[in-house]
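Worksheet: one structure, shown below.
Within every chain, numbering begins at 1; the chains are lettered A, B, ... in the order of the sequence lines, protein sequences first and strands thereafter.
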Number of protein chains: 2
Amino acid sequence: MTEPIRMTGVLDPRDGWEAEGCPIAASLELVGTRSAMLILREAYYGATRFDQFTARTGLSDPVVSSRLRELEAAGVLAREDYREPGQRTRKAYRLTEMGEDLLPVIVALQRWGNRWLSPGEKGATEIVHRGCGAEVGVRLECDEGHPVAPDELDLKYRPA
Amino acid sequence: MTEPIRMTGVLDPRDGWEAEGCPIAASLELVGTRSAMLILREAYYGATRFDQFTARTGLSDPVVSSRLRELEAAGVLAREDYREPGQRTRKAYRLTEMGEDLLPVIVALQRWGNRWLSPGEKGATEIVHRGCGAEVGVRLECDEGHPVAPDELDLKYRPA
DNA sequence: CGGCATCCTTAGGGATACTG
DNA sequence: CAGTATCCCTAAGGATGCCG
């Protein structure tokens, strides 16, 4: 065990972040459920139709129905009609830019689960770099393009 | 909206990943609750004592108690006694290596929430690179050190 | 201060059945 | 195929109270 990551720059811990202002809490309100995450996982894996989501997640119809509508309302998914030549109209759920931007969260969870919770290497999946074949993870980087170590983080609070 | 991220390399979608083998699902079993994430957030922000976790997360005592024990049992946190000179013994919860390794998940959620859910810029927090001051996010990278674009991902299934 | 036991409420989620 | 409505069960979480 190493030293805990230290974040500075907040005067009083009670000043604000634990409330609704916290973007982490806000994110969790929307995608913090198991069902939402599993549906997003399948969206990244290429699912677009209702029955694909139910079959591949193992979630029940009503749950998938609710989550899809919530995610659509929030702007994470977009529902569109599409018609292949000679086929009838179908519904497709596609990731929006907002939805795609969540990919690192899923990749980070995947990587962490594989590293620390893998039930004896069996039956697990791996996300790899196409071509290169190496497993893909996630790395801290600031908007200036610098790689960031865990102990170089500051927490900044923007008061209202 | 752009094209969905495509993952290839799995023959039959039903072949395995949706079940217990999925490391994402496994991760969610452990840290997929709001309370677990908020407690981890505070651990990264420097909290170590019981009352810090309750005060800063707004969670009730019993919930904090349960989550702390679960996270400790799983190896994410370690409980240790410490004694400052002249003080009585106190309990401290510290992140293990396994726990620190989850940091990218929290940072990714924070960044996503800030970008897409920000409630009007007010009262929110930001994680910045110390010194440089730029906001910190997360970036896909493979074990070979290559930066990875979202459309360069392959899903690999390792059967039992 | 640092918790756990108890009780209660609500949100997550499954089963079944029904509609366009 | 693509859902919705209803019903029910379980897990998440708050309030209160007690105890070392």
Side-chain angles (χ1 to χ4, degrees), chain A residues 13-14 18-20 22 24-43 47-74 77-84 86-94, chain B residues 13-14 18-20 22 24-25 28-43 47-74 77-84 86-94:
Chain A
R14 303 239 38 166
E18 76 282 4
E20 295 68 33
C22 173
I24 300 174
S27 300
L28 292 174
E29 291 299 315
L30 181 55
V31 296
T33 60
R34 177 184 150 86
S35 54
M37 288 287 195
L38 294 183
I39 284 177
L40 284 169
R41 178 192 72 184
E42 291 308 322
T48 60
R49 296 209 319 278
F50 188 87
D51 68 329
Q52 293 177 320
F53 286 108
T54 58
R56 299 187 191 178
T57 60
L59 296 167
S60 66
D61 286 15
V63 171
V64 172
S65 179
S66 307
R67 274 322 77 76
L68 286 178
R69 267 190 298 111
E70 289 168 13
L71 292 172
E72 186 194 356
L77 296 177
R79 188 204 308 233
E80 48 185 56
D81 295 325
Y82 76 96
R83 176 194 303 266
E84 294 176 3
Q87 305 281 334
R88 65 181 180 84
T89 308
R90 295 174 181 276
K91 309 282 187 182
Y93 297 87
R94 297 199 187 277
Chain B
R14 303 239 37 168
E18 75 280 5
E20 295 69 32
C22 173
I24 300 173
L28 292 175
E29 292 297 315
L30 180 56
V31 297
T33 61
R34 175 183 149 85
S35 54
M37 287 288 194
L38 294 183
I39 284 177
L40 285 169
R41 179 193 71 183
E42 291 310 321
T48 61
R49 297 208 319 278
F50 189 88
D51 68 329
Q52 294 178 320
F53 287 108
T54 57
R56 299 186 192 178
T57 59
L59 296 167
S60 65
D61 286 15
V63 171
V64 172
S65 178
S66 306
R67 270 326 75 75
L68 286 178
R69 267 190 297 110
E70 290 169 13
L71 292 173
E72 186 195 355
L77 296 177
R79 187 204 310 232
E80 49 184 55
D81 295 324
Y82 76 95
R83 175 195 303 266
E84 293 176 4
Q87 305 281 334
R88 66 184 180 80
T89 309
R90 294 175 182 276
K91 309 282 186 182
Y93 297 85
R94 297 197 185 279

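- Here D/dA2 presents its C1' atom at 9 Å from NZ of A/K91, a figure rounded to the nearest Å.
- At whole-Å resolution of the value, CD in B/E72 and P in C/dG2 are 15 Å apart.
- Side-chain nitrogen and oxygen atoms of A/R49 include none within less than 4.0 Å of the OP1 or OP2 phosphate oxygen of D/dC1.
- Taking all atoms of both residues into account, the shortest heavy-atom contact from A/L68 to A/F50 is CD1-CD1, 3.7 Å.
- Taking 4.5 Å as the limit, every side-chain heavy atom of B/M37 sits out of range of all side-chain heavy atoms of A/S27.
- A/R94 has its side chain within reach of A/E80: a pair of non-hydrogen atoms, C-beta onward, lies under 4.5 Å apart.
- When the P atom of C/dG13 is taken as reference, atom CD of B/E29 falls 10 Å away, rounded to whole Å.
- Contact check on B/D81 versus B/K91 returns a salt bridge, with a Lys/Arg side-chain nitrogen under 4.0 Å from an Asp/Glu carboxylate oxygen.
- Nucleic acid contact class of A/Y93 (heavy atoms, under 4.0 Å, all strands): sugar-phosphate only.
- Between the P atom of D/dG13 and the CZ atom of B/R34 lies a distance of 8 Å, rounded to the nearest Å.
- One can place CZ of A/R67 at 12 Å from P of C/dA11, the figure rounded to the nearest angstrom.
- Atom CD in A/Q52 sits about 11 Å away from atom P in D/dC1, given to the nearest Å.
- Between the CZ atom of A/F50 and the P atom of C/dT19 there is a distance of 17 Å, rounded to whole Å.
- Counting non-hydrogen atoms under 4.0 angstrom, B/S35 reaches the backbone sugars and phosphates but no base.
- Here the side chain of A/V63 is nearest to one of D/dG13, C/dG13, D/dC1, namely C/dG13.
- Residue contacts shown for B/L59 are limited to sugar-phosphate atoms, with no base heavy atom under 4.0 Å away.
- Under 4.0 Å is where a charged nitrogen must lie from a carboxylate oxygen, and between A/E70 and A/R67 at least one such pair does.
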Strictly under 3.5 Å: I want the nitrogen or oxygen pairs between protein and nucleotides 5-10 of chain D, one per line.
none

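- The CZ atom of B/R56 lies 6.0 Å from the CD atom of B/E42; values are rounded to the nearest 0.5 Å.
- Rounding to the nearest 0.5 Å gives a distance of 9.5 Å between CG of A/D51 and CG of A/D61.
- When rounded to the nearest whole Å, the span between CG of A/L30 and P of C/dA11 equals 16 Å.
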